[in-house]
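Labels below follow one simple rule: chain letters A, B, ... track the order of the sequence lines, proteins then strands, and each chain is numbered from 1.
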There are 2 protein chains.
Amino acid sequence: MKARVETDELGRKTAIEACAEPCAIERGMRVLGGKWTGSVLWHLKDEPVRFNDLTRMIGGASKKMISERLKHLESHGLIEREVLETRPLGVAYRITPRGETALRCLDELRQWSESVLPQH
Amino acid sequence: MKARVETDELGRKTAIEACAEPCAIERGMRVLGGKWTGSVLWHLKDEPVRFNDLTRMIGGASKKMISERLKHLESHGLIEREVLETRPLGVAYRITPRGETALRCLDELRQWSESVLPQH
DNA sequence: CGGCAAGGTTACCAAAAGTATACTAGTTGC
DNA sequence: GCAACTAGTATACTTTTGGTAACCTTGCCG
């Protein structure tokens, strides 16, 4: 991420250390950036939450979206799926220690958008 | 973001303070989350950069994307467009104080993905 | 038995996002 | 005149998202 541009003796310009595909910022965004992804993780921060409760909490998102986001987060090891031996059977999702490390930047983002973005 | 689910005396569940469309996290993602958006802002953090230099620095993105992202960031007041009276005429983009407030969370994200995400 | 809750899956569709390539118009240096 | 620079636009296309709605299985309650 120290990309710069240099000009050679003939006036031609070349990028040095150009930032190709996977800058850290881009990679992070791929993991946390999708619609609802941050919200889903955020809602798990205090306690495990069951699938249907999540869909109720995150009003605008469909079951399909929640399901996709949960799989996505699980595939990155940020949350865990846990089957509850209740009747009827239930499933809860809980944040992992690895997932908790992401809360810091989600919280920064939250603070930033609360303080800087127009209320709107 | 304190959404929870309550059960009434008949066993029916209702979401309290459900998180509809614009949670702070979602809104922040809309501003910083698009592909290349974070990278573009990041590359402006130290000094103004000219258009074509940006496209060279960010190897994977087309001019159209850079142009769109710059307009997007400008529309949110995070960067400024500045015409340089050089020959040939040039344009430089510089980060605004408002834009600088976003660097904190971009940096958190960068640190997070560097330390937590598989090198890949 | 009918209906409901749980935890999803499936099919389908629309719209957004991103890519690739070409092109403008003006300037400068070789 | 040719090439390369400036800062973008225009066009066309493909891919990825996101969203709706219906459906499924198992088990419980009345």
Item checked: Where A:L78 and B:W112 come nearest, the two heavy atoms and their spacing -> CD2-CZ2, 4.1 Å
Next item on the list: Check the distance between C:dA17's P and B:M29's CE and give it to me in whole angstrom.
Entry: 15 Å
Next item on the list: Report the nucleotide, chosen from D:dG19, C:dG26, D:dA7, that has the shortest atom-to-atom distance to any side-chain atom of A:M65.
Entry: D:dG19
Margin query: Rounding to an integer number of Å, can you tell me how far B:M57 CE sits from D:dA7 P?
Written below: 12 Å
Notebook entry, point to check: From the list D:dG8, C:dG7, D:dT9, which nucleotide is the closest neighbour of the side chain of A:R50?
Noted result: C:dG7
Margin query: By nearest heavy atom, map B:S62 and B:L89 onto DNA chain C; which one lands nearer the 5' end?
Written below: B:S62
Next item on the list: Answer yes when B:D53 and B:R56 have at least one side-chain N-carboxylate O distance shorter than 4.0 Å, and no when they do not.
Entry: yes
Notebook entry, point to check: Which nucleotide, D:dG18, C:dG8, D:dG8, lies nearest any side-chain atom of B:F51?
Noted result: D:dG8
Next item on the list: Whole angstrom is fine here: how far is it from CG in B:L54 over to P in D:dG8?
Entry: 11 Å
Next item on the list: Verify the neighbour count for atom CZ of B:R104: are there more than 12 heavy atoms of other residues, nucleotides or ligands below 6.0 Å?
Entry: no
Margin query: Please confirm whether the shortest side-chain N or O distance from A:R69 to OP1 or OP2 of D:dT17 is below 4.0 Å.
Written below: no
Item checked: Distance in angstrom units between B:E68 CD and C:dT19 P, rounded -> 10 Å
Note to self: If the cut-off is 4.0 Å, is A:R56 near the phosphate of C:dA6, judged by side-chain N/O to OP1 or OP2?
What the structure shows: yes
Checklist line | Spacing between B:E85 atom CD and C:dT27 atom P, to the nearest angstrom | finding: 13 Å
Notebook entry, point to check: Looking at C:dG7, D:dG19, C:dG26, which one has an atom nearest to any side-chain atom of A:K63?
Noted result: C:dG7
Check: Which of the following nucleotides, D:dA7, C:dG8, C:dG18, is nearest to the side chain of B:K35?
Finding: C:dG18
Check: Rounded to the nearest Å, what distance is computed from the NZ atom of residue A:K64 to the P atom of nucleotide D:dG18?
Finding: 9 Å
Notebook entry, point to check: How many Å lie between CG on B:L84 and P on D:dC5, as a whole number?
Noted result: 18 Å
Check: What nucleotide among D:dT6, D:dG8, D:dG19 has an atom nearest to a side-chain atom of A:W36?
Finding: D:dG19
Margin query: If the cut-off is 4.0 Å, is B:S67 near the phosphate of D:dA7, judged by side-chain N/O to OP1 or OP2?
Written below: no
Check: What distance separates B:L41 CG from B:H72 NE2, expressed to the nearest 0.5 Å?
Finding: 10.0 Å
Note to self: Measuring to OP1 and OP2 of D:dT16, would you say a side-chain N or O of A:R30 lies under 4.0 angstrom away?
What the structure shows: no
Item checked: Electrostatic pair B:R110-B:E114, nearest N-O below 4.0 angstrom -> yes
Item checked: Whole angstrom value for the distance that separates P of C:dG18 from CD1 of B:I66 -> 12 Å
